[in-house]
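These notes are about the structure you will find just below.
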Amino acid sequence: MLTIIYGDVSNSVYNTNIYFKNSYEPEWLESEMAKEIIRDIDGSEVLSGECIHSPVLGQIPPERLSGGTKTLLLMLNESEKIFNASTCGDNCAKWILEIGKRKDITINLRHLMGFGKNTEFEIRIKNGGEIVHSMKELIPVASKYLNSMKWE
């Protein structure tokens, strides 16, 4: 199940780019889901665990993937950690939901992510324990926690 924590989380990995650079394993790119994520989000093809073909950049190492793609790969492969999903655009939301269907993951958000107007899901909001099933249910709950954040 997908769990979201809104606001600051002391044990969250905020800089997912640096974390990915120092922790990813080439075999992470070998799963069909990883290949689909990279194809969908970055429009690129996995050639090997250490080489991606980007239509814009040519052959690149995995460290040059987009921030959203790297964060999704971290969620997929290190689901015991909490990652800052605010590094992801709304184009990553369907993948976050899909990963959450396959395994328990907890993410940190500092904004309201759009999971799709007509999309049904099951998300637990850790801040207050609510379970939401649609954007209509999520928006007021997320707004409550986001509006109570202390911005420094």
Side-chain angles (χ1 to χ4, degrees), residues 1-127 130-135 137-139 141-142 145-146:
M1 173 184 247
L2 172 61
T3 299
I4 298 174
I5 305 171
Y6 288 101
D8 290 324
V9 178
S10 62
N11 59 338
S12 176
V13 176
Y14 277 97
N15 194 330
T16 53
N17 283 321
I18 290 175
Y19 188 88
F20 182 88
K21 181 179 179 179
N22 291 293
S23 66
Y24 105 92
E25 299 290 337
E27 55 269 14
W28 289 6
L29 305 185
E30 294 171 8
S31 78
E32 199 51 46
M33 186 170 189
K35 291 176 183 179
E36 288 178 40
I37 289 169
I38 292 166
R39 191 176 306 117
D40 182 47
I41 303 298
D42 287 2
S44 299
E45 295 296 325
V46 174
L47 301 178
S48 74
E50 297 177 356
C51 187
I52 312 293
H53 180 266
S54 163
V56 176
L57 303 171
Q59 291 186 1
I60 60 170
E63 295 89 352
R64 299 270 318 268
L65 290 166
S66 69
T69 296
K70 289 186 273 193
T71 303
L72 290 169
L73 292 172
L74 288 167
M75 289 176 201
L76 186 60
N77 291 284
E78 295 197 0
S79 56
E80 71 284 356
K81 297 196 179 321
I82 300 170
F83 293 101
N84 173 20
S86 286
T87 62
C88 297
D90 285 352
N91 62 333
C92 295
K94 70 178 183 181
W95 291 107
I96 294 171
L97 291 174
E98 184 59 36
I99 295 167
K101 287 178 189 174
R102 297 178 185 212
K103 55 176 64 180
D104 290 337
I105 60 168
T106 300
I107 63 171
N108 175 235
L109 283 173
R110 297 172 62 95
H111 77 286
L112 179 59
M113 179 172 276
F115 289 99
K117 183 177 180 180
N118 298 313
T119 303
E120 292 182 19
F121 48 75
E122 186 169 89
I123 298 174
R124 184 170 75 92
I125 310 303
K126 189 164 184 179
N127 302 65
E130 300 92 343
I131 304 285
V132 295
H133 303 92
S134 66
M135 285 303 295
E137 292 178 13
L138 177 62
I139 289 170
V141 174
Y145 299 117
L146 290 169

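By convention here, the first residue in the shown sequence is residue 1. These figures come from a predicted structure and were not determined experimentally.
In terms of heavy atoms, A85 sits closest to H111 at O-CE1, 4.2 Å. Residues C51 and P62 come closest through the heavy atom pair N-CD, 4.3 Å.
Within the 4.5 Å cutoff, the side chain of I107 has heavy atoms near those of the I96 side chain. A 4.5 Å side-chain heavy-atom check between L2 and I99 finds every atom pair outside the cut-off. D42 places none of its side-chain heavy atoms less than 4.5 Å from the side chain of I52.
Not one N or O on the side chain of K117 forms a donor-acceptor pair closer than 3.5 Å with the backbone of M135. In terms of modelled atom types and a separation under 3.5 Å, the side chain of D40 and the main chain of E36 share no donor-acceptor contact.
Using cut-offs of 30° and 60° for the angle between ring planes, the F20 and Y24 rings count as parallel.
At most 12 heavy atoms of other shown residues, nucleotides or ligands fall within 6.0 angstrom of atom NZ in K126. Atom NZ of K21 sits in a sparse spot, with 12 or fewer heavy atoms from other residues, nucleotides or ligands closer than 6.0 Å. At most 12 heavy atoms of other shown residues, nucleotides or ligands fall within 6.0 angstrom of atom CD in E120. The number of heavy atoms from other shown groups lying within 6.0 Å of CD1 (I139) is above 12.
Of the options H53, R39, K35, a side-chain hydrogen bond (donor to acceptor under 3.5 Å, both in side chains) to E45 is made by R39 and by none of the others.
Under the 3.5 Å distance criterion, with hydrogens and angles disregarded, a donor-acceptor pair is assigned to the side chains of Y14 and N108.
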Output, in order, the C-alpha distance, side-chain angles, deciding distance and verdict of salt bridge (charged side-chain N to carboxylate O under 4.0 Å, His left out) for E98 and K94. CA-CA 6 Å; E98 184 59 36; K94 70 178 183 181; over 6 Å; no
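For the atom pair NZ of K81 and CG of L74, the computed distance is 10.0 Å after rounding to the nearest 0.5 Å.
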